[in-house]
Amino acid sequence: MPELPEVETTRQGIRPFLEGQRLRRIVVREPRLRWPVSPELLTLADVPVLAVRRRAKYLLLDVPDGQLLMHLGMSGSVRHVAEPATPGKHDHLDLELMQGGLLRYTDPRRFGALLWNPTPDRHPLLDVLGPEPLDAAFDADYLAAKARGRKQAIKTLIMDNHVVVGVGNIYAQESLFLAGIHPSRPAGRISAARLAVLVAAIRKVLADAIAAGGTTLRDFSRADGKPGYFQQELNVYGRGGEPCVQCGAPLTVTRHGQRSTVYCGRCQR
DNA sequence: ATCGGGACCTGCTTGC
DNA sequence: TGCAAGCAGGTCCCGA
């Protein structure tokens, strides 16, 4: 999936088509996403969209009586379709617009979701989330408190949504490289000063990626179909065995959980 | 309480 | 050329 910058780029891309506009209806061709598409969404008809917001990697579409929660999973994307063409195999749903055209949700792996939430911003999936990485609440003291006493690898800690949201596999690796921290280092054995550097690195990596319009992966594209431009700035992700951009040593590949990790054994301690 | 691993699903790349 | 294995952006849930 898209990581947080890709979700934010998607939000910005679809917002002009939704905010202040009206949804005609939602057409569901394949309800079997991560969770079944909420049946309530099938009865929705001609409703105004008040706002298009984001919390972690969830897109929040506010309507008068509640909110739509959309997640893109690993392989999801949304694009605007002006002249509806025959939907493809993985075009699971359409948000039809009153002014014509539609927003088409595509997700080959079906790890994404579209859920009805009658209690805006209050939901079991949202209530457990940690702070946004770009919010003031995510600071050095906060991360230090979360890391204290933990033996868990720092990489998996910063990828834990209960700790901080929006740090996926690409940007976790990039942030740790920028901070010079070994991804396997136990979180509780990193000094407060180095955690402060890591917080700054996470913020910088995500902010830069958002500014660049996200990273173009295999099948991610923005709502307007154009690629993201952050890829050329990736230092370690997907570069196992290639030379470190800082010291030239070959980058090491390892795994944390089921996710691959690339790092420089010389620059990251 | 914390942690790691499995599960969910399809498609693309790699290697025999 | 064909086929199987391995890998991919996420994250919930389970058992140890």
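Proteins come first, then strands; the chains are lettered A, B, ... in the order of their sequence lines, and each starts at number 1.
Summarising the geometry, the separation between CG on L69(A) and C1' on dG10(C) is reported as 16 Å, rounded to the nearest angstrom. In this structure, NE2 of H123(A) is placed 14 Å from C1' of dT11(C), rounded to the nearest angstrom. Rounded to a whole Å, the OH atom of Y58(A) is 6 Å from the P atom of dT11(C). For the pair R255(A) CZ and dG6(C) P, the computed distance is 11 Å after rounding to whole Å. D160(A) has its CG atom 11 Å from the C1' atom of dC12(C), to the nearest Å. In this entry the distance linking CG of L129(A) with C1' of dT11(C) reads 11 Å, nearest Å. Going from atom CG of N169(A) over to atom P of dA8(C) covers 7 Å, rounded to whole Å. Distance E3(A) CD to dA8(C) P: 13 Å, rounded to the nearest Å.
dA5(C) and dA7(B) have their P atoms separated by 16 Å, given to the nearest Å. Comparing dG11(B) with dT1(C), their P atoms sit 22 Å apart, to the nearest whole Å. dG6(C) and dG6(B): their P atoms are spaced 14 Å apart (whole Å).
Hydrophobic clustering (side-chain heavy atoms under 4.5 Å, transitive across Ile, Leu, Val, Met, Phe, Trp, Tyr) keeps L61(A) apart from L102(A). Y263(A) and V245(A) fall into different hydrophobic clusters, where Ile, Leu, Val, Met, Phe, Trp and Tyr residues are linked whenever their side-chain heavy atoms come under 4.5 Å apart, directly or through other members.
For W35(A), the listed nucleotide lying nearest its side chain is dC12(C); candidates were dG11(B), dG10(C), dC12(C).
Under the 3.5 Å distance criterion, the side-chain polar atoms of D139(A) are matched with a main-chain donor or acceptor of Y142(A). Distance alone, capped at 3.5 Å, places no donor-acceptor pair between the Q21(A) side chain and the P48(A) backbone. Formation of a donor-acceptor pair under 3.5 Å by the N235(A) side chain with backbone atoms of F177(A) is not found in this model.
When the shell of 6.0 Å around CZ of R29(A) is examined, it contains more than 12 heavy atoms from other residues, nucleotides or ligands.
Listed pair K89(A) / dT10(B) fails the phosphate criterion, with no side-chain N or O lying under 4.0 Å from OP1 or OP2. Checking the phosphate oxygens (OP1, OP2) of dT10(B), no side-chain nitrogen or oxygen of H90(A) falls inside 4.0 Å.
Across R79(A), H90(A), H92(A), K89(A), a single residue satisfies side-chain hydrogen bond (donor to acceptor under 3.5 Å, both in side chains) together with T106(A), and that is R79(A).
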Salt bridge (Lys or Arg N to Asp or Glu O under 4.0 Å) for D94(A) and R25(A)? Distances and angles first, verdict last. CA-CA 8 Å; D94(A) 292 337; R25(A) 61 172 181 160; over 6 Å; no

Per-nt protein contacts along nucleotides 3-9 of chain B (heavy atom under 4.0 Å; B base, S backbone sugar-phosphate only, - none) come out as SS---BB

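With salt bridges taken as basic N to acidic carboxylate O contacts below 4.0 Å, one links D127(A) and R122(A).
Annotated stems with DNA chain C as a participant read B:2-8 with C:10-16, B:10-16 with C:2-8, given as range with range, by first number; only runs of 3 or more Watson-Crick or G-U pairs under 3.5 Å qualify.
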